[in-house]
Amino acid sequence: MPNTLWGERISAVLFIAGALYMGWLATDFPAGGDLFPLFVSGLMVLVAGIMLARTFVAPESFAAWRVREAPAQLAKPIAITAVVILYVLAIFRIGYYTTTFALLVGLPVAVGLRRPVFILASAAGATAFIYALFELALGAQMPRGLLF
Amino acid sequence: MDPTLFGYALNVLTVPNLAAMLAGTTVGLVIGAIPGLSPPMAIALLIPLSFGLPPETAIILMVSVYAAGIYGGSFSAILLRAPGTSASAASAIEGYELTKRGKAMQAIRISTFASVVGGLVSGVALLLLAPPLARASLLFGPAEMFLVAILGLTSIAAVTFGKLFRGLLAGLAGLYLSTFGVDNYSGFPRYTFDYIGFEGGIGILSAIIGLFAFAQGLELCQAHAAGTISGVDRLSWNLFPRLSEIRYTRWALLRGWITGLVMGIIPAAGASVAQWVAYGWEIRHAKPGDQFGRGELKGLAATEGSNNGVTGTSLIPLFILGIPGGISAAVIFGALMIHGLQPGMRLFRNNPEVIYTIMWGFLFANIVMGFVAALLARVMAYLTLFPQGVLGPMILVFSVIGTYAGANNIHAVWIMIGFGVAGYYGQRWGFSPAAMLLGLILGPIAENGFRDMMVVARGAPFAYLAGRPIALVLLAIVVMVLFYAVRPKKWERLEADSAVAAETAGTGKT
């Protein structure tokens, strides 16, 4: 959660809820397998509890934390992660080298770089390096898919 | 000590042995620098190639890869905040901050010096002190292992940089994640949530690549696309450290090397733990003006000194007792057996010329590594001049291929991406990714140590601890570290008082 008073409170509550849930799940583990997770649960509830209490006892100490974060700024990494997930899924359909080259050309353009020759050269260089290292030197076989 | 010990040094100076060192250090540095490709993997790949070599040349090749692989991981950690191995994760904190401030070559210089000398010191300990240190390693039982893990966990407080509670929660989340998967003791699956990817537990590889490399890829994709990491467009050609830099970091280097030497003989601890203990130790020694978390050379010197300080002493239990203390040592163990060498004291009795040649080879390999590393790092440093809009996507691609190649299954890639998103937002909001990684690395050591201790102690752990001097010393160190972690230093109190006074004067209050 963001670095704000309410971010701190929501984080603490979420961690307490998570720790209680994980602790509850741990009670089913046999042969002493529950000891360590329960210990961690207890510690997490304690630390998050102190963190929550601090927001009420000394709220003024969080005043300096107020940092404005634009929603678009927070969402961009999620969008890029979604692109990477699609890339991983496409590797097995289209082929490793084609999708990798496409990503290395497409993503720089998408994030705002306007140097086509450099982008194409670096994408070709990186793809060739991966081929040389993994296929030729290490003998690994990358997924081929429909293309290459 | 064998009286002809120094005579074996000359055996190393043959063309095949020197070629093995050069090849081993180059392969180790390159493989170590790529996230996902680890020194054990490189050593294993070289075993078939070594069949035709004499045993000592083959093992010199392996130990050269091992020593250089640990250091190679630091290149990408320092230059790109994408550590190549788990042993160099701590170096990513100060090293990358130095790179961002345009001091990449300074960071590389001091890390090369710390690593080379750390490896040499460790190699000398391997050569001269192996038998007594091997006996000392046997004194580390479950209680000591548990306390070593707790000592490592105290470093969490050091890496939170002002967000103590959020950092502690990230560390505890890491401890939780370390319990995912089938329980080694009962065979019962814990926290798998019916997802097959969690059955085998969460690999350190996915975590480290996700928390650091993938998160860094996202960060660079967010930044000004045409800009570079450091904002500079030229790199220095000064490859070797200046006397002033060595003098400035001398105590940090010494503390790092000592930490590495000690951690090396503790089975399963290794460089992954040593770097955090050294880093935590260094932060506790911070002085006014030190810039920990914003690019402090002393922090980098300590982590780099410690992770290579481990390399020689971690081979001691293997060579003397025949007990591999880590994954790399286990692969070297296999290589020794393949070449007809039985690790243990018999090796010293039956084949002293071979084992001492290997030890000398390890020492010389560290010197060779220094020169190769200086040149290779200079080449790699050009990456920092790439536009961030190109570098970010490249790091994302290498994170995926590195994880897939290292773990050999797609689930590890999904877990890595999950860690990547957590690492990105964690770094942004103060839930330290380093603390989470520390919890994940130390969790199994702490849990296994604790459970074994409870079995050995028959339910009376305190009475058991009271009878173990090393455990008591470790316990005292843990208590001392915790005490100093919560108690602000005198200069910190003075700085806080002067800040309050300045604020009061500014507002006109009395």
Side-chain angles (χ1 to χ4, degrees), chain A residues 1-3 7-8 11-12 15 18-19 22 25-26 29-33 35-37 39-41 43-44 47-48 50-51 54 69 73-74 76-78 80-81 84-85 87-88 91-92 96 100 103-104 106-109 111-115 118-119 122-123 126 130 133-134 138-140 142, chain B residues 30 34 37 41 45 163 165-166 168-169 172-173 175-176 179 183 185-188 190-191 214-215 217-226 386-390 392-394 396-401 404-405 410 413-414 417 420-421 424-425 428-431 439 443 446-447 450-451 454-455:
Chain A
M1 284 293 126
N3 295 322
E8 189 84 340
S11 300
F15 271 98
M22 298 294 264
L25 288 179
F29 302 156
L35 273 178
F36 192 69
F39 172 70
V40 178
S41 283
L43 266 181
M44 196 178 262
V47 172
I50 296 172
M51 190 167 134
R54 282 176 73 237
E69 289 179 302
Q73 202 184 358
L74 289 176
K76 195 172 171 185
I78 298 290
I80 294 168
T81 305
V84 175
I85 290 171
Y87 155 70
V88 175
I91 284 173
F92 295 94
Y96 180 78
T100 298
L103 184 87
L104 289 175
L107 201 48
V109 174
V111 298
L113 192 65
R114 297 288 175 264
R115 288 170 64 183
F118 187 83
I119 291 171
S122 59
I130 292 170
L133 181 69
F134 287 92
L138 300 178
M142 295 295 156
Chain B
V30 172
I34 297 173
L37 303 187
M41 187 195 282
L45 284 166
K163 298 260 169 44
F165 288 95
R166 290 187 174 210
L168 285 175
L169 288 175
L172 288 169
L175 285 178
Y176 252 135
T179 64
D183 180 14
Y185 291 76
S186 64
F188 189 85
R190 299 189 295 183
Y191 300 126
F214 194 88
L218 292 178
E219 181 71 45
L220 292 178
C221 285
Q222 280 269 68
H224 175 49
F386 273 41
Q388 294 173 116
V390 163
M394 267 190 197
L396 295 175
V397 162
F398 274 93
S399 299
V400 170
I401 181 69
Y404 188 73
I410 195 67
V413 175
W414 301 133
I417 291 175
V421 176
Y424 175 81
Y425 288 105
R428 202 174 180 90
W429 293 336
F431 294 98
E447 182 178 16
F450 178 71
R451 289 170 78 174
M454 293 304 279
V455 172

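Chain letters run A, B, ... following the sequence lines, proteins first and then strands; every chain starts at 1.
Put simply, the side chain of A/Phe92 reaches to within 4.5 Å of the side chain of B/Ile410, judged on heavy atoms. Looking at A/Arg54 and A/Glu8, their side chains come closer than 4.5 Å, going by heavy atoms from C-beta outward. Looking only at side-chain heavy atoms (C-beta outward), A/Met142 and B/Ile401 come within less than 4.5 Å of each other. Residues A/Val88 and B/Trp414 form a side-chain contact, since some pair of their non-hydrogen atoms from C-beta on lies under 4.5 Å apart. With contacts defined as side-chain heavy-atom distances shorter than 4.5 Å, the pair A/Ser11/B/Phe431 qualifies.
Among B/Phe214, B/Phe450, B/Tyr185, the residue with the largest count of heavy-atom pairs under 4.5 Å with chain A is B/Phe214. Ranked by non-hydrogen atom pairs under 4.5 Å with chain B, the options A/Gly112, A/Ser122, A/Pro77 are led by A/Pro77. Across B/Cys221, B/Ser186, B/Gly443, the residue that shares the most heavy-atom pairs under 4.5 angstrom with chain A is B/Cys221. Of all the listed residues (A/Ser41, A/Ala12, A/Ala48), the one sharing the greatest number of non-hydrogen pairs under 4.5 Å with chain B is A/Ser41. In terms of heavy-atom pairs under 4.5 angstrom with chain A, the leader among B/Val421, B/Leu172, B/Asp183 is B/Leu172. Looking only at heavy-atom pairs under 4.5 Å with chain B, the residue among A/Gly32, A/Gly106, A/Ala126 that has the most is A/Gly32. Looking only at heavy-atom pairs under 4.5 Å with chain B, the residue among A/Leu103, A/Thr100, A/Ile85, A/Ile119 that has the most is A/Ile85. Comparing A/Gly18, A/Ala31, A/Ala19, A/Pro37 by how many heavy-atom pairs each has under 4.5 Å with chain B, the most go to A/Pro37.
Only the side chain of A/Arg115 comes within contact range of chain B, with heavy atoms under 4.5 Å apart. Interface residue A/Leu43: backbone and side-chain heavy atoms are both found under 4.5 Å from chain B. Both the backbone and the side chain of A/Ile78 come within contact range of chain B, judged by heavy atoms closer than 4.5 Å. Residue contact with chain B, scored on non-hydrogen atoms closer than 4.5 Å, involves the side chain of A/Ile130 exclusively. Contacts between B/Leu396 and chain A at a heavy-atom distance below 4.5 Å involve the side chain alone, from C-beta outward. In this structure, the portions of B/Arg190 lying under 4.5 Å from any heavy atom of chain A include both its backbone and its side chain. At a 4.5 Å heavy-atom cutoff, the contact between A/Ala26 and chain B is made by backbone and side-chain atoms alike. Contacts between B/Val413 and chain A at a heavy-atom distance below 4.5 Å involve the side chain alone, from C-beta outward.
The side chain to side chain contact (heavy atoms under 4.5 Å, CB included) test with A/Val84 is passed by exactly one of B/Ile417, B/Val397, B/Leu218: B/Ile417.
Between A/Phe134 and A/Tyr96, the distance separating the two ring centers is not shorter than 6.0 angstrom. A centroid separation of less than 6.0 Å is found between the aromatic rings of A/Phe118 and B/Phe386. Centroid-to-centroid, the aromatic rings of A/Phe29 and B/Tyr191 come within less than 6.0 Å.
Remark: the backbone N or O of B/Leu220 is not paired with any side-chain donor or acceptor of B/Gln388 at under 3.5 angstrom.
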